[in-house]
Participant: 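I am attaching a structure below and will ask some questions about it afterwards.
These figures come from a predicted structure and were not determined experimentally. In what follows, residues are counted from 1 in the order of the sequence shown. First listed ligand is number 1; within each ligand, the first listed atom is number 1.
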Amino acid sequence: MCGIVGAIARRNVSKILIEGLSRLEYRGYDSSGVAINNEEGVYSHRAVGKVQALKDKFEVQPLDGKMGIAHTRWATHGKPTEANAHPHFSGDDLALVHNGIIENHEPLRRELKDKGYEFKSETDTEVIVHLIHDAMKTQPDLLKAVQVTLTKLHGAFAIGVVQKDDNDRFIAARKGSPLVVGVGIEENFVASDQLALLHVTDQFIFLEEGDVVEVSRDGVSIYDAKGDLQERPISVFNHNIDATDKGEFRHYMMKEIYEQPKVISACLEGRISESKVLTSCFGADSAFLKEVENVHIVACGTSYHAGMVAKYWIEDLAGIPCSVEVASEYRYRKVAVPKKTLFLTLSQSGETADTLAALRMAKELGYLTTLAICNVPSSTLVRESALTLLTNAGPEIGVASTKAFTTQLTALLITSVAIAVENGLSAEKEKALVQALRSLPAHVNDALLQDAHIKEVADRFANKHNALFLGRGTMYPIALEGSLKLKEISYIHAEAYPAGELKHGPLALVDEDMPIIALVPHNDMLDKLKSNLQEVAARGGELYVFADKDTDLNNEENIIFTEVPKVDSILEPIVHTIPLQLLSYHVAVVKGTDVDQPRNLAKSVTVE
Ligand code: HGA
């Protein structure tokens, strides 16, 4: 969601801040702003739209200074207007940027209005800056005033604050929203994500919940929620900076689709031997595998779809019950937890607000243990879970998730096999599954070879207004994921159904204007799915079929056929995902939408 950057240096920081915002733009991109502190005061530019609009303002009127804060917004309270863009000011002497939601902003706003504060925006954020201003009347030190203010806020925040006449430090804080400190030489930074600072440092400190940090040129002082000074370790970022470049590709999404053979290999590395899953991949404490009798998977969006596939795998291979639920539902209901249940979360960023809240709730409910499958090693989800299996996909920038999804599935298959081994899976079957996993990168690579053909299919598809995706078994969650991808980036209305449900309602929608995308697995569901396709063909629906060529569907007259490599059926959901990603991508390109930053969305959903 919103992205924050703050910098203090012995050089001008405006270019550093704007470059940081460009790198954070995937988090939110409806408006942006910068406040710069210099000897004369605090000055700001704000602009509606992409960061480029802000850059244009700096071209016309540069702002220079050695300290500043910056923000790219994904609006939650108030429209994306210049008045609502951050930084927000109290008078002309305090400026603040904020990521998150202040849930009690209404009573706070009333109190502040009664005290004479005038509000210039519709945001919840503006209360914070006035509260700090008000606190400074009795507590003139900015750090202390921020600490006092934070105790009054309900909700989630990461903030950065600068004060006129205080040119040697700025204050930042986090609770519920991500924030890292970037450590430089005689210059220091904060940002919502390390990626925003990789052009200035590779040394980072991860702040804990409730931390308040005083950032100066010579160092950072971190105070915990109780106000005690803390030492937090510095970690070095170890991804190649090129991982955040588009390289030869026109969009991050396409680059990330093509990275999948490589990152799936990275996800498998060290987790499987020739014939076994290496349980050491769960860390020192893999004893839970022996004890687990139930699994609860909780996630959002694309990660939720990965969890749905894992339910089939866990129940099929391990024979133990598994339930899957979206985090925003789970967190607000009373959950019955059977004994010896594993709580498993999935999140690309590890900062998804609902998933984090679900994890915190689960920790009070007597689960056997908590396991996070996540792409960001330094994320809050990883730090707060007892066990972690990293997906090792590298930074994912495109808002529509691709490689994060297929590596989540890979990690989930490893986990499913590991649990199954303790529940009677034979050594022979384990070996067969591990060998299937070893072949996965090559099959994903083969699936990418259909790119040119899928581009042609997309040309035909792009004028559609609706689409129906069908699958059975593990292909049903993949149908859901395919329809989500199409919605997200091409804005075509799409729905997904288990194919057997067709005649219970959605068949009423089928006519010659309704394309049907059918994911046909080569397993014992094949004949049943073929019957479902006949039901569609009989009503004139246009059929787009994704299947291997031995399914004998490639020569049917009324079918637009895309070949998917023939693989072990356990791998089918992963391999079938690739052509659907390519289809959505090419349809979006034909339609001319903003592929990497689709409207109204943001990459890591750090607000509820
Ligand atoms: N609530 C603030 C910040 C929004 C945000 O963090 N989005 O991710 C606003 O609406 O400006």
Participant: Do Phe405 and Ile478 have side chains that approach each other closer than 4.5 Å (heavy atoms only, starting at C-beta)?
Facilitator: yes
Participant: Answer side chain, backbone, both or neither: which part of Thr76 comes under 4.0 Å from ligand 1, heavy atoms only.
Facilitator: both
Participant: Under 3.5 Å, N or O to N or O, is His71 touching ligand 1 that way?
Facilitator: no
Participant: Measure across Asp141 and Met136 and return the closest heavy-atom pair with its distance rounded to 0.1 Å.
Facilitator: C-CE, 4.4 Å
Participant: Should Ile101 be counted as touching ligand 1, given the test is an N or O pair under 3.5 Å?
Facilitator: no
Participant: Looking at ligand 1, is there an atom of it that comes within less than 4.0 Å of some heavy atom belonging to Gly100?
Facilitator: yes
Participant: Within a distance under 4.0 Å of any heavy atom of Cys2, pick out the atoms of ligand 1 and give their elements.
Facilitator: 3 (C), 4 (C), 5 (C), 6 (O), 7 (N), 8 (O)
Participant: Check this for me: does any side-chain nitrogen of one of Glu82 and Lys57 sit under 4.0 Å from a carboxylate oxygen of the other?
Facilitator: yes
Participant: I want to know whether Tyr585 and Phe249 have ring centres closer than 6.0 Å.
Facilitator: no
Participant: Between Asn99 and ligand 1, which part of the residue brings a heavy atom under 4.0 Å of the ligand: side chain, backbone, both or neither?
Facilitator: both
Participant: Out of His98, Arg73, Glu122, indicate the one that has the non-hydrogen atom closest to atom 11 (O) of ligand 1.
Facilitator: Arg73
Participant: Report yes if some N/O of Asn84 lies less than 3.5 Å from some N/O of ligand 1; otherwise report no.
Facilitator: no
Participant: Does any non-hydrogen side-chain atom of Val309 lie less than 4.5 Å from one of Leu412?
Facilitator: no
Participant: Between Arg217 and Glu187 (salt bridge meaning N to carboxylate O under 4.0 Å), is one present in this structure?
Facilitator: no
Participant: Which ligand 1 atoms does Trp74 reach within 4.0 Å, using its non-hydrogen atoms?
Facilitator: 4 (C), 5 (C), 7 (N), 8 (O)
Participant: Within a distance under 4.0 Å of any heavy atom of Asp124, pick out the atoms of ligand 1 and give their elements.
Facilitator: 1 (N), 2 (C), 9 (C), 10 (O)
Participant: Salt bridge or not between Glu488 and Lys485? Use side-chain N to carboxylate O under 4.0 Å.
Facilitator: yes
Participant: Quick check: closest heavy atoms across Ser22 and Lys55, and the distance to 0.1 Å?
Facilitator: OG-NZ, 3.3 Å
Participant: Report yes if His86 has an N/O atom closer than 3.5 Å to an N/O atom of ligand 1; otherwise report no.
Facilitator: yes
